[in-house]
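Residue numbers run from 1 in the order of the sequence given.
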Amino acid sequence: MDQQPGVACQRRFCVLIATSLKRQKGEAAVKYVIVITGASSGFGALTARRLAESGHTVYATMRETGGRNAKQVEAARKFAAEKNVDLRTAELDVSSQESADRAVRQVLGAAGRLDIIIHNAGHMVFGPAEAFTPEQLAELYDVNVLSTQRVNRAALPQLRKQKRGLVVWVSSSSAAGGTPPYLAPYFAAKAGMDALAVVYARELTRWGIETSIIVPGAFTGGTNHFAHAGSPADKARAAEYEAGPYKGFADDVLKGFSSIVPPDADASAVAEAIVKVVDIPFGKRPFRVHVDPTQDGAEVVNMVCDRVRAELLRRIGLNDVLTPRVLESKSLSAP
């Protein structure tokens, strides 16, 4: 499939979902070995569990598996036992290349292959942009963007060797849609990740590696994004905003967010979207899938931007990189 978004693509996605569900009910579904980052909570934990329930071997990775995330590791173990699914955990600190390399080696040693990478790890901060130090912005960029590069460098050699694979990026509607104030550092980092994903996709298709970008909107429940959001290090500068014309503005932003999020908005919808993309046959997966209960406009903007990018590739004679090549796969799970 020519990987472009848009209304037609979204309609095709609905058809492909129906086909995927039919395959799951009536045919033997393909079983993949999947690594997902940032899977201790939120979208990551929800997605790991749903993928395992769909019959895949899932490595829910997180940092400090023997420390602060020990309870999450035990919860995943209990879930796997109770549901009789293949959900595993692995130590992976996305801020460390050594940790990413070690985690991928562990997966390959146990499973013998790796089919899908899901870039989900991320962190949010909240407050006036001026009050964050440059070091904080660099740290946020590291977690949200450089983390994907470390995992790619660890895992892509295996996917290229197998001549088949899928890379899923969990982006954000903030990269293209409405962007309320007090979230600038996070929005900038997610925009950087999205831009990296777009170009990476074109550099992987000739290797037989497909890309799907999942674009969640604002979910105020079901994740720890706002609850665990970082705050400005420069407290004095932040206090100046609170004492000036932006007094109470943080509460206004949060109330505004809450007012446009439908009461039935469920973060598990993001996990469901990823599961459905994974179960769609290779070569037919959509380039982008928006899961945005607030309808902030990102889908419209991305439709235009991605079409413009695709048209340039056609103009310069590189239209073949818009579609993943079907190569002789060495992956045991390839359809």
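- Proximity of a side-chain donor or acceptor of Glu203 to a complementary backbone N or O of Val321 within less than 3.5 Å is not detected.
- Here the side chain of Lys71 pairs no donor or acceptor atom with the backbone of Arg68 at under 3.5 angstrom.
- Side-chain atoms of Asn144 never come within 3.5 Å of backbone atoms of Ala189 as a donor-acceptor pair (strictly under, hydrogens ignored).
- In this model, no donor atom of one side chain and acceptor atom of the other lie less than 3.5 Å apart for Thr37 and Asn120.
- The pair Arg288-Asp194 meets the salt-bridge criterion, with a side-chain N (NZ, NE, NH1 or NH2) lying under 4.0 Å from an Asp/Glu carboxylate O.
- Across Arg160, Lys161, Gln162, a single residue satisfies side-chain hydrogen bond (donor to acceptor under 3.5 Å, both in side chains) together with Gln158, and that is Gln162.
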Exercise. Let me see the working for Lys276 and Asp279 under salt bridge (charged side-chain N to carboxylate O under 4.0 Å, His left out), right down to the final yes or no.
Key: CA-CA 5 Å; Lys276 290 168 182 175; Asp279 286 336; over 6 Å; no
Quiz item: Where do Glu299 and Met303 land on the side-chain contact (heavy atoms from CB on, under 4.5 Å) test, with the steps shown first?
Solution: CA-CA 6 Å; Glu299 186 169 359; Met303 176 181 67; 5.8 Å; no
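- Taking CG of Asn319 as the start and CG of Leu312 as the end, the distance is 11.5 Å to the nearest 0.5 Å.
- When side chains are defined from C-beta on, Thr148 counts as touching Trp169, because their heavy atoms get closer than 4.5 Å.
- For the pair Pro286 and Ser212, the tightest heavy-atom approach, listed with the atom from each and the gap, is O-OG, 2.7 Å.
- Between Asp142 and Arg150, the closest side-chain pair of non-hydrogen atoms falls below 4.5 Å.
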Exercise. Check step by step if side-chain contact (heavy atoms from CB on, under 4.5 Å) holds for Ile36 and Tyr59.
Key: CA-CA 6 Å; Ile36 177 168; Tyr59 284 84; over 6 Å; no
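- A 6.0 Å sphere centred on CZ of Arg102 holds more than 12 heavy atoms belonging to other residues, nucleotides or ligands.
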Exercise. Go through the steps to decide whether Phe249 and Tyr241 satisfy the test ring pair (Phe, Tyr, Trp, His ring centres under 6.0 Å), and finish with yes or no.
Key: CA-CA 9 Å; Phe249 192 67; Tyr241 274 76; 9.2 Å; no
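- A salt bridge does not link Asp252 to Lys255: none of the charged side-chain nitrogens sits closer than 4.0 Å to a carboxylate oxygen.
- When all heavy atoms of Gly208 and Leu327 are compared, the pair lying nearest together is N-CD1, 3.8 Å.
- In the model, Tyr200 has a side-chain atom that pairs as donor or acceptor with a side-chain atom of Gln149 under 3.5 Å.
- The shortest side-chain heavy-atom distance between Thr89 and Arg77 does not fall under the 4.5 Å cut-off.
- When side chains are defined from C-beta on, Ser173 does not count as touching Phe187, because their heavy atoms never get closer than 4.5 Å.
- Contact between Pro293 and Ala265 at its shortest, heavy atoms only, is CB-CB, 3.8 Å.
- Using modelled atom types and a 3.5 Å distance limit, the side chains of His56 and Asp115 yield no donor-acceptor pair.
- No side-chain heavy atom of Leu166 sits under 4.5 Å from any side-chain heavy atom of Ile209.
- Side chains of Ile34 and Thr57 form no contact here, defined as non-hydrogen atoms less than 4.5 Å apart.
- For the pair Asp234 (side chain) and Arg237 (backbone), a donor-acceptor distance under 3.5 Å is present.
- Between the side chains of Asp296 and Thr294, not a single donor N or O lies within less than 3.5 Å of an accepting N or O.
- Using a 4.5 Å heavy-atom cutoff, the side chains of Leu159 and Ile117 are in contact.
- Proximity of a side-chain donor or acceptor of Lys190 to a complementary backbone N or O of Val170 within less than 3.5 Å is detected.
- Judged purely by atom type and a 3.5 angstrom limit, Gln106 has no side-chain atom pairing as donor or acceptor with the backbone of Ala90.
- Inter-residue side-chain proximity for Leu254 and Phe126 is flagged as met; some heavy-atom pair is nearer than 4.5 Å.
- Just one of Arg314, Arg325, Arg202 meets the salt bridge (charged side-chain N to carboxylate O under 4.0 Å, His left out) condition when paired with Asp320; it is Arg325.
- Of the possible polar contacts, none joining the Ser40 side chain to the Gln72 backbone as a donor-acceptor pair under 3.5 Å is found.
- Closest approach of His119 and Met193 over heavy atoms only: O-CE, 3.8 Å.
- Under a 3.5 Å cut-off, the side chain of Thr205 and the backbone N or O of Pro324 do not form any donor-acceptor pair.
- For the residue pair Asn302 and His290, a side-chain donor N or O sits within less than 3.5 Å of a side-chain acceptor on the partner.
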Exercise. Please test Val104 against Leu108 for side-chain contact (heavy atoms from CB on, under 4.5 Å), starting from the C-alpha separation and ending with a verdict.
Key: CA-CA 6 Å; Val104 170; Leu108 294 178; 4.0 Å; yes
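- Considering all non-hydrogen atoms of both residues, Ala218 and Val261 come closest at O-CG2, 3.9 Å.
- Judged by distance alone, with hydrogens and angles left aside, the side-chain atoms of Glu91 form a donor-acceptor pair with the main-chain N or O of Glu64 at under 3.5 Å.
- Closest approach of Arg153 and Pro157 over heavy atoms only: O-CD, 3.4 Å.
- Using modelled atom types, one side-chain atom of Thr133 and one backbone atom of Gln136 make a donor-acceptor pair closer than 3.5 Å.
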Quiz item: Between Val145 and Leu196, does a side-chain contact (heavy atoms from CB on, under 4.5 Å) hold up when you go through it step by step?
Solution: CA-CA 8 Å; Val145 186; Leu196 189 64; 4.2 Å; yes
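- Within 6.0 Å of atom CG in Asn84, 12 or fewer heavy atoms from other residues, nucleotides or ligands are found, so the atom counts as exposed in its surroundings.
- For the pair Arg88 and Phe79, the NZ or CZ position fails the cation-pi test of under 6.0 Å to the six-membered ring centre and within 45 degrees of the ring normal.
- Crowding of Lys247 atom NZ: a count of heavy atoms from other residues, nucleotides or ligands under 6.0 Å not exceeding 12.
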